[in-house]
Q: 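Take a look at this one; I'll ask things after.
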Number of protein chains: 2
Amino acid sequence: MQNMNQQAEIFTNLILELFRLNGVLLAVGDRLTGPAGLSSARWQVLGVVEHGPISVAHVARTMGLTRQTVRQTAEGLFKDGFIVYADNPHHRRSRLMELTPKARAALDYVAQRQAQWASAVVANHDLASLNETFNTLYQLRQTLETYEETNADETQSSESDG
Amino acid sequence: MQNMNQQAEIFTNLILELFRLNGVLLAVGDRLTGPAGLSSARWQVLGVVEHGPISVAHVARTMGLTRQTVRQTAEGLFKDGFIVYADNPHHRRSRLMELTPKARAALDYVAQRQAQWASAVVANHDLASLNETFNTLYQLRQTLETYEETNADETQSSESDG
DNA sequence: TTTAGATTGACAGTAACCTGTCATAATAGT
DNA sequence: ACTATTATGACAGGTTACTGTCAATCTAAA
């Protein structure tokens, strides 16, 4: 099958390009948020807390990250005065994160910078291509996640190791 | 400009999708390479060394990573017997990494698994969409990198902070 | 030849993700 | 009410990326 080699090559190129783009986007995020005392990771967490008081575990689920990762980010946000913890009426240990005025100001600042940046960047691309790209990537992720769920057991079961 | 808001939204969605896809791909890479004693990062480095003896700094430039990051990965690869260091006739300190038979076997194993995986995944997508997506992402990265080079100075100069 | 600059490997430290483990707290089942 | 399970925060440790700094080395210029 000649076509399969071609597909595999295009697919590999696509993956490598995704990695590079990911790196660039993280750098951009840090540049946009840095002057406000934030980072890409902190910004994303605050973006969830912005919608209302919420626990660390809940944010983790929302963002698709682990509890521990969000906890670490939250620790830094608290230490730097971007969030406070409020008592949770439904759970004694699991307190709720809330934005401080400092965080509100930082988010407003970053939002303005991000909009400015997005406008400038997007001006060079047409709507249809971006939308189509989004759709393809979304479908690709669905395929990958389905495939992983189906085949992960067959080769990754390291339960007999311990 | 009504169109600008729409573009900004699609753009934001695209970025979030890129982050998610990146996470999934890293997980897949680790799953495919794990049984061979490798990881996504190690696999990529070995993929460069595979083409011939090469220094750490050269691999870093090839991959678009920092010298120090590749050095750390190389350290692990050496410790686990995947590479050896050969003298560099052109530079006394900068030795050249070379694959060991163990690495050769691991790469062959991973290549087979990766091809199998890629075939299965790609079967659900058509060549044209993947290719078009690659092109859009490539162009987008070019735009981003150009924009960063042009505007990075204006807001990121934190020299007056210290 | 000697000096100035760039490159390189090494080392230290940081950020952001991960897993594993533990005690505590909430919830479901009996 | 009691027990088993689940959810949560805390802590330890590992991976992969980054920056900064240093001495050694190579290269180019004077």
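Proteins come first, then strands; the chains are lettered A, B, ... in the order of their sequence lines, and each starts at number 1. Since we're looking at a predicted model, the values are computed, not measured.
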Q: May I have the distance from Leu65(B) (atom CG) to dT15(D) (atom P), rounded to whole angstrom?
A: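 So the CG-P distance, Leu65(B) to dT15(D), works out to 17 Å.
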
Q: To the nearest Å, give me how far apart CG (Leu25(B)) and C1' (dC17(C)) are.
A: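 It is 16 Å, rounded to the nearest whole Å.
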
Q: Can you tell me how far C1' of dA10(D) sits from CD of Gln72(A), to the nearest Å?
A: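 For the pair Gln72(A) CD and dA10(D) C1', the rounded distance is 12 Å.
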
Q: Closest approach to the side chain of Ala41(A), judged atom by atom: which nucleotide of dA17(D), dA16(C), dC26(D) is it?
A: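 Nearest listed nucleotide: dA16(C).
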
Q: Looking at Ser94(A), does any N or O in its side chain come under 4.0 Å of the phosphate oxygens OP1/OP2 on dG9(D)?
A: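 Checking dG9(D) against Ser94(A), a side-chain N or O does come within under 4.0 Å of OP1 or OP2.
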
Q: Can you say whether the rings of Trp117(B) and Tyr147(A) are parallel (under 30°), tilted (30 to 60°) or perpendicular (over 60°)?
A: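 Rings of Trp117(B) and Tyr147(A): perpendicular, over 60°.
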
Q: Assign Leu26(A) to base, sugar-phosphate, or nothing according to its heavy-atom contacts below 4.0 angstrom with the strands shown.
A: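 Nothing, no heavy atom under 4.0 Å.
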
Q: On the nucleotide dC11(C), are OP1 or OP2 found under 4.0 Å from the side-chain N or O atoms that Arg71(B) carries?
A: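 Yes, because at least one side-chain N or O of Arg71(B) sits under 4.0 Å from OP1 or OP2 of dC11(C).
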
Q: Please lay out, stage by stage, how Arg42(B) and Asp80(B) fare under the test salt bridge (Lys or Arg N to Asp or Glu O under 4.0 Å).
A: CA-CA 11 Å; Arg42(B) 288 178 165 203; Asp80(B) 292 351; 3.0 Å; yes

Q: Is there, by distance only and without an angle test, a donor paired with an acceptor across the side chain of Gln68(B) and the base of dG13(C) below 3.5 Å?
A: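 Per atom types, no contact qualifies.
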
Q: Select base, sugar-phosphate, or nothing to describe what Arg61(A) touches, counting heavy atoms under 4.0 Å on all strands.
A: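 Answer is sugar-phosphate: Arg61(A) comes under 4.0 Å of backbone atoms only.
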
Q: Side-chain N or O of Thr69(A) less than 4.0 angstrom from OP1 or OP2 on dC18(C)?
A: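 It does, given that an N or O in the side chain of Thr69(A) lies less than 4.0 Å from OP1 or OP2 of dC18(C).
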
Q: Whole angstroms only, please: what is the CZ-C1' distance between Arg42(B) and dA17(D)?
A: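 Spelled out: CZ on Arg42(B) to C1' on dA17(D) is 15 Å.
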
Q: On DNA chain C, does the nearest nucleotide to His90(A) precede the nearest nucleotide to Gly64(A) from the 5' side, or the other way round? Give the residue.
A: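 Nearest-nucleotide comparison on DNA chain C picks Gly64(A).
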
Q: Starting from P on dA7(D), measure out to CG on Asn88(A) and report it in whole angstrom.
A: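 Checked: the CG to P distance equals 16 Å.
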
Q: Mind calculating the distance between CG (Asp30(A)) and C1' (dA16(C)) to the nearest angstrom?
A: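 It is 10 Å, rounded to the nearest whole Å.
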
Q: With no hydrogens and no angle check, just 3.5 Å: does a side-chain donor-acceptor pair link Thr143(A) and Thr146(A)?
A: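 No.
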
Q: How many Å lie between CG on Leu38(A) and C1' on dA15(C), as a whole number?
A: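 The distance from CG of Leu38(A) to C1' of dA15(C) comes to 14 Å, rounded to the nearest Å.
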
Q: Between Asp30(B) and Ser40(B), does any side-chain donor sit less than 3.5 Å from a side-chain acceptor?
A: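 Ser40(B) and Asp30(B) do have a side-chain donor-acceptor pair below 3.5 Å.
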
Q: Starting at the 5' end of DNA chain D and moving along, which residue's nearest nucleotide shows up first, Glu75(A) or His91(A)?
A: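 Its nearest nucleotide being more 5', the pick is His91(A).
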
Q: Side-chain N or O of Ser39(B) less than 4.0 angstrom from OP1 or OP2 on dT15(D)?
A: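 For dT15(D), neither OP1 nor OP2 has a side-chain N or O of Ser39(B) closer than 4.0 Å.
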
Q: Heavy atoms only: give me the nearest Glu50(B)-Leu99(B) pair and the separation to one decimal.
A: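 Distance-wise, the nearest heavy atoms are CA-CD1, 3.7 Å.
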
Q: Determine whether a donor-acceptor pair (one donor, one acceptor, N or O, separation below 3.5 Å) exists between the side chain of Arg67(B) and the base of dG9(C).
A: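 Per atom types, the contact qualifies.
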
Q: Counting only side-chain N and O atoms of Thr73(A), is one of them less than 4.0 Å from OP1 or OP2 of dA16(C)?
A: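 So the side-chain polar atoms of Thr73(A) never come under 4.0 Å of the phosphate oxygens OP1 or OP2 of dA16(C).
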
Q: Within the side chain of Arg141(B), is there an N or O that forms a donor-acceptor pair under 3.5 Å with the backbone of Thr136(B)?
A: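 Not confirmed, Arg141(B) side chain does not pair with Thr136(B) backbone.
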
Q: Considering only dT8(D), dA25(C), dT19(D), which nucleotide approaches the side chain of Arg92(A) most closely?
A: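 Nucleotide nearest to Arg92(A)'s side chain: dA25(C).
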
Q: NA contact type, Arg93(B), heavy-atom cut-off 4.0 Å: base, sugar-phosphate, or nothing?
A: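 Base: the residue Arg93(B), judged by heavy atoms under 4.0 Å, touches a nucleobase.
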
Q: Write down the distance between CG (Leu96(B)) and P (dT8(C)), rounded to a whole number of angstrom.
A: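 Value for this atom pair: 12 Å.
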
